[in-house]
Amino acid sequence: MVKLSEKIGYGFGDMSSSMFWKIFGAYLMIFYTDIFGLSALLVGTMFAVTRIWDSLFDPVVGVVADRTETRWGKFRPYLLYLALPFGIIGILTFLTPPFGDTGRLVYAYITYTLMMMVYSAINVPYASLLGVMSPHPSDRNILSTYRMMFAYIGSFIALLLFMPLVKAFGGDRSADVTVGWMTAPQLGWLMAIVVIAATCTLLFYGCFSLTKERVKPMKEAKTPLKTDIKDLLHNYPWWILLGAGVASLVFNSIRDGATVYYFKYYVDETAFGDVKFLGIPFVLSGLYLAVGQAANIIGVLLAAPVSNRIGKRKTFMGSMIIATVLSVVFYFFDKSQITLIFVFQLFISICAGSIFPLLWSMYADCADYSELKTGNRATGLIFSSSSMSQKFGWAIGTALTGVLLEVFGFRANCVQNPETINGIKMFLSILPAVGALLSFVFIAFYPLSESKMKGITEELEKRRKTLKA
C-alpha cells in the first residue's frame, strides 16, 4: 500500500523537473534570441544538435541505473546526489557571459548540453521509480496521476511567476542599464532562474526522503547489456509509445516555445499593459501559459477516471483528435479575440494534460510485458525511453521553431512582416495539430489493453510467489 505522503513525495520529483522543463520550453528560445543575442537559426540548430545527443544519453542512464545497487535502492540515490547540480547548471544556462558572439554561442552549447545531461541523469531514475514503488497497475495509475498533477502545479507556479520575478529583479528595464558586465534584462532573467533553481533542488530532496522502492526483479542475476537492448527492441508496445511520445512532445514544444513570440509580435501584449492578480502584475503571455498549466491539471485529474472507464488507449486517442481539431480552428483567431484565444488554450491544454499520466502508466505496463516475455525487468532502460522520446520531441519541435522563424523572416526586437506573423500564428495552431494527429495514429496500434494487463499482472505475481517459495 502506497501512503499519501509517498504519493506526494513522488509528485515533488516531477514538480521540480517540470518547473525547469516548462521554463526551458516557454522562455529559453526567446531568451537566447532577444536577451542572450543569438539568431533564431543558430538557436534552433543548437537545440537539435544538443537534444539529439542527449536523447541518446538517456538509455545509457537507464542501463547504469538498472545496475545500481545501494542501501537506498537502484533509483533514489540519483535524486540525492544530483539535486544540487541540477539547480546549479540550470542557473548557468541563463547566465549571459561577457564574451563575443562566438564565445557566447560556445557557452550556450556547453551549458545547455550539460543541463540536458543532468536532467537525464536525475529524471530517468526518477521516472523509473514508478515501476518499482508498487507492482499493481492501479497504484501506478494513481502515482502517475499524482506525478502529473504536481508537475503541472509546478509548471503553473513557474510560468505564472517567472516574468514577474524577471521584472522584480529589473529585467524590464532598458538594455542600456548595466550591472557589471550584464544588462539589466540579463540580470533580471538570471536572478529569476536562481529562485526557481533553489526551489527545484529542495523538491528533489523531498522526493528522495519520502519515497520507497519495493518491487524486485524475478531474476537477481545481472543480464548482459546486449540482452537488455535485444529485449527492448523486441518490445512492440514500447515502439508504439516511443512514436506517440515523440509526436505528442512535438505538439507541446511548438506551442510552448512560440507562445511568447505570438503575444509579443502578433497580439502585441504591451498594448494591453500588465494584468494584476492578487496585486502582482502579469503579462498576457504569462497568464496564457499559466492557464494552460491549470488546464493540464484538469486533464490529469480526468485521465484516471476516464481511462478506468473506457481504457487508456481510447482516452489517449480521444484527447489527441480533439486537440487536433481545436488547434486547426485556433489559426483563424484575430489578435483582438483574446477571450477565444484563452478559451481554446484551456480546452487544448486539458486534452494535452490527460495523455501524459497515461503514457507513464503505459511505460510501466511495458516493463511488466517485457518481464513476462523474457524474465528480464530492465525498468530503467524502458523508462529511459520515455525521457528519450521527450528529448526527441522537444528537439524536433524547438529545432523546427528556430529554423522556421528564420525561414519566415523573423528578426528579434523588430516589427515583423505579414509572412512572419502568419508563421508565428501557425506555431500555435497548424503545426501542433500535425503532432497531435501523429500521436493519435501511433497510439491506435497500442496492444496492451486493460484486460491483457490484468492477465500479465496475475501471471507475474504467481511467478514471484513461486520463486520465493
Side-chain angles (χ1 to χ4, degrees), residues 2 4-27 123 126-127 130 139-164 196 199-200 203-204 206-207 210 245 248-249 251-253 255-256 259 277-278 280 282 284-309 312 315-316 318-320 322-323 326-327 341-362 386 390 428 432 436 439:
V2 180
L4 176 61
S5 60
E6 193 169 358
K7 296 171 187 175
I8 293 172
Y10 187 64
F12 282 168
D14 216 19
M15 188 176 188
S16 174
S17 297
S18 294
M19 291 179 82
F20 259 170
W21 188 262
K22 276 297 180 178
I23 286 176
F24 292 154
Y27 291 112
N123 268 276
Y126 166 74
L130 181 62
D139 285 341
R140 292 171 183 170
N141 281 344
I142 294 171
L143 283 166
S144 187
T145 298
Y146 269 83
R147 170 186 181 170
M148 297 313 301
M149 184 172 66
F150 273 84
Y152 287 127
I153 290 172
S155 299
F156 175 81
I157 293 170
L159 292 174
L160 190 65
L161 296 182
F162 187 68
M163 289 313 296
I196 300 296
T199 304
C200 291
L203 285 168
F204 262 128
C207 181
L210 294 171
S248 60
L249 265 296
F251 160 70
N252 270 290
S253 64
R255 293 183 73 244
D256 285 351
T259 291
F277 179 66
L278 299 177
I280 303 174
F282 299 102
L284 278 180
S285 57
L287 285 176
Y288 177 89
L289 289 165
V291 164
Q293 295 310 297
N296 285 155
I297 296 171
I298 297 173
V300 169
L301 294 175
L302 290 174
V306 175
S307 63
N308 286 341
R309 185 175 182 84
K312 297 174 191 175
T315 304
F316 195 113
S319 296
M320 286 294 91
I322 293 171
L326 295 179
S327 295
I341 288 171
F342 272 76
V343 168
F344 269 64
Q345 163 73 338
L346 177 72
F347 286 110
I348 293 171
S349 298
I350 289 174
C351 294
S354 67
I355 66 171
F356 288 106
L358 301 178
L359 270 175
W360 293 115
S361 183
M362 288 172 173
S386 63
Q390 278 191 320
L428 266 71
S439 188

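The residues of the chain are indexed from 1 along the displayed sequence.
- Closest non-hydrogen pair, G353 versus V300, comes out as O-CG2, 3.5 Å.
- Taking the six-membered ring for Trp, Y288 and F342 have ring centres closer than 6.0 Å.
- The backbone N or O of Y152 lies less than 3.5 Å from no partner atom in the side chain of N296, so there is not a single donor-acceptor pair.
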**Request:** Would you please test Y10 and Y146 for ring pair (Phe, Tyr, Trp, His ring centres under 6.0 Å) and show each step?
**Result:** CA-CA 7 Å; Y10 187 64; Y146 269 83; 9.5 Å; no

**Message:** Between F20 and F24, is the ring pair (Phe, Tyr, Trp, His ring centres under 6.0 Å) condition met? List the steps.
**Reply:** CA-CA 6 Å; F20 259 170; F24 292 154; 5.3 Å; yes

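- Interatomic distance, CG of D14 versus CZ of F356, reported as 10.5 Å (0.5 Å rounding).
- Side-chain contact between R147 and Y126 is present, with heavy atoms from C-beta onward closer than 4.5 Å.
- Residues F204 and S17 meet the side-chain proximity criterion, which asks for heavy atoms closer than 4.5 Å.
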**Asked** Does the pair V291 and F156 meet the rule for a side chain to side chain contact (heavy atoms under 4.5 Å, CB included), with working shown?
**Response** CA-CA 8 Å; V291 164; F156 175 81; over 6 Å; no

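- Although no hydrogens or angles enter the test, the distance criterion places no donor-acceptor pair under 3.5 Å between the side chain of S16 and the main chain of F12.
- In plain terms, the two heavy atoms of I355 and S248 that are nearest each other are CD1-CB, 3.6 Å.
- Closest non-hydrogen pair, A290 versus L159, comes out as N-CB, 4.5 Å.
- The distance from atom NZ of K22 to atom CG of L289, rounded to the nearest 0.5 Å, is 8.0 Å.
- Atoms CD1 and CD1, on I298 and I350 in that order, are 4.5 Å from each other to the nearest 0.5 Å.
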**Request:** Any chance you could lay out the side chain to side chain donor-acceptor pair (under 3.5 Å) test for S144 and S361, step after step, and finish with the verdict?
**Result:** CA-CA 6 Å; S144 187; S361 183; 5.7 Å; no

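- For the pair S18 (side chain) and M15 (backbone), a donor-acceptor distance under 3.5 Å is absent.
- The structure places OG of S327 at 8.5 Å from CE of M320, a figure rounded to the nearest 0.5 Å.
- Considering only heavy atoms from C-beta on, F316 comes within 4.5 Å of S439 through its side chain.
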**Request:** Run the numbers on R255 and I348 for side chain to side chain contact (heavy atoms under 4.5 Å, CB included), then give the verdict.
**Result:** CA-CA 11 Å; R255 293 183 73 244; I348 293 171; 3.6 Å; yes

**Request:** Could you walk me through whether V2 and I142 pass the side chain to side chain contact (heavy atoms under 4.5 Å, CB included) test, one step at a time?
**Result:** CA-CA 10 Å; V2 180; I142 294 171; over 6 Å; no

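- The heavy-atom pair separating L301 from P305 by the smallest distance is O-CD, 3.1 Å.
- Of the inter-residue distances, the one linking M163 atom CE with I23 atom CD1 reads 10.5 Å to the nearest 0.5 angstrom.
- A pairwise comparison of heavy atoms in M19 and C200 identifies CB-SG, 3.7 Å as the closest pair.
- Looking at S307, its side chain does come within 3.5 Å of a backbone N or O of A303 through a donor-acceptor pair.
- The minimum heavy-atom distance linking T259 with S285 is given by the pair CG2-O, 4.3 Å.
- With rounding to the nearest 0.5 Å, the separation of CD in E6 from CG in D139 is 10.0 Å.
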